[in-house]
Amino acid sequence: MKILVPIDGSACRHAVIDAVCQHPWPAGSEIKVMTVIHVRGMEAFDPMMMVPSFHFDMLAEARKHAPKLVEEAAETIMGRTGDVKVTYEVLEGVPRDEIINQAEHWEADLIVLGSHGHGPVGRFFLGSVSHAVTQQAPCSVQVVRPRAEADA
């Protein structure tokens with residue numbers, strides 16, 4: 001079984017990693033942890049009002065930290081799961097598109113990803129990667145939500 005695990009730098013990734021680690025995967029399963037550095041052009045409507053140099057600084061910072069993010073997640077999964085192969089990858093582009101493309105090309109059986117739960121207003125401004133992936137993925141998708149503070 002091939003399980004694709006897209007994560008980002010948010011706290012939501014911990015719930016995704018925990019969910020992957022708690023599942024009894026069949027022996028010989030492959031898990032690929034991935035993150036997508038969101039590369040976007042300087043758009044006419046920029047809600048952050050970023051100047052180009054700030055945008056490029058943020059992009060350089062993301063490129064610096066992304067490998068460590070996926071490597072740490074992969075190490076955690078390797079340490080907490082049984083007989084599975086774990087790899088990781090950093091891509092650049094639009095997260096929903098890169099996740100769907102990776103699932104198609106890698107021939108994933110399952111995608112396990114998180115949801116930030118921004119609600120309708122947040123989805124309007126930020127978009128919803130998890131919603132887009134569930135609608136367009138070539139395989140099954142499990143969406144993991146972090147537990148509420150009261151439940152933790």
Side-chain angles (χ1 to χ4, degrees), residues 1-23 25 28-78 80-81 84-146:
M1 179 167 213
K2 294 173 109 178
I3 305 98
L4 184 63
V5 183
I7 60 170
D8 60 15
S10 71
C12 182
R13 77 180 182 279
H14 300 295
V16 173
I17 293 167
D18 285 342
V20 169
C21 291
Q22 292 171 7
H23 194 283
W25 303 110
S29 291
E30 296 178 51
I31 297 174
K32 181 185 278 193
V33 180
M34 67 174 285
T35 194
V36 180
I37 299 170
H38 188 168
V39 180
R40 64 182 184 125
M42 296 306 296
E43 298 151 2
F45 173 72
D46 187 359
M48 300 287 290
M49 303 303 279
M50 292 189 284
V51 294
S53 64
F54 183 66
H55 171 76
F56 291 117
D57 289 345
M58 286 180 54
L59 186 56
E61 195 68 19
R63 286 177 176 149
K64 179 178 160 185
H65 293 291
K68 184 176 179 181
L69 177 75
V70 291
E71 182 178 4
E72 288 175 354
E75 287 175 0
T76 299
I77 293 168
M78 279 188 277
R80 293 176 53 192
T81 57
V84 297
K85 176 183 175 185
V86 183
T87 59
Y88 57 90
E89 187 169 9
V90 176
L91 300 172
E92 293 188 13
V94 178
R96 67 177 175 262
D97 297 341
E98 293 302 325
I99 294 166
I100 292 164
N101 288 338
Q102 185 67 258
E104 289 173 352
H105 295 308
W106 191 56
E107 298 179 353
D109 298 302
L110 176 66
I111 301 170
V112 180
L113 78 165
S115 173
H116 297 283
H118 292 301
V121 174
R123 276 194 303 274
F124 177 76
F125 288 107
L126 302 172
S128 175
V129 172
S130 58
H131 179 73
V133 171
T134 59
Q135 297 299 309
Q136 300 172 21
C139 60
S140 296
V141 178
Q142 177 183 350
V143 178
V144 177
R145 292 185 182 272

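- Listed here is the closest heavy atom pair of Val36 and Gly93: CG1-O, 3.5 Å.
- A pairwise comparison of heavy atoms in Leu113 and Val16 identifies C-CG2, 3.7 Å as the closest pair.
- To the nearest 0.5 Å, atoms OG1 (Thr35) and CD (Glu92) are separated by 10.5 Å.
- Taken from CE in Met34 to OG1 in Thr87, the straight-line distance is 11.0 Å, to the nearest 0.5 Å.
- One finds a salt bridge joining Lys32 and Glu89 here, because a Lys/Arg side-chain nitrogen approaches an Asp/Glu carboxylate oxygen to under 4.0 Å.
- Note: Glu75 CD to Arg80 CZ = 14.0 Å, rounded to the nearest 0.5 Å.
- Between Ile77 atom CD1 and Lys85 atom NZ the span is 14.5 Å, to the nearest 0.5 Å.
- Judged purely by atom type and a 3.5 angstrom limit, Ser128 uses its side chain to pair as donor or acceptor with the backbone of His131.
- Scanning all heavy atoms of the two residues, the minimum distance from Ser130 to Val143 falls at CB-CG1, 4.3 Å.
- A pairwise comparison of heavy atoms in Met1 and Asp109 identifies CA-OD2, 3.3 Å as the closest pair.
- The two residues Val33 and Ala73 come nearest to each other via the heavy atoms CG1-CB, 3.9 Å.
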**Q.** Evaluation steps, side chain to side chain contact (heavy atoms under 4.5 Å, CB included), between Leu110 and Ser140
**A.** CA-CA 5 Å; Leu110 176 66; Ser140 296; 3.9 Å; yes
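- To the nearest 0.5 Å, atoms CD1 (Ile31) and CH2 (Trp25) are separated by 6.5 Å.
- Leu69 and Arg13 get closest at one heavy-atom pair: CD1-NE, 3.4 Å.
- Considering CD1 of Ile111 and CG of Leu4, their distance stands at 5.5 Å, rounded to 0.5 Å.
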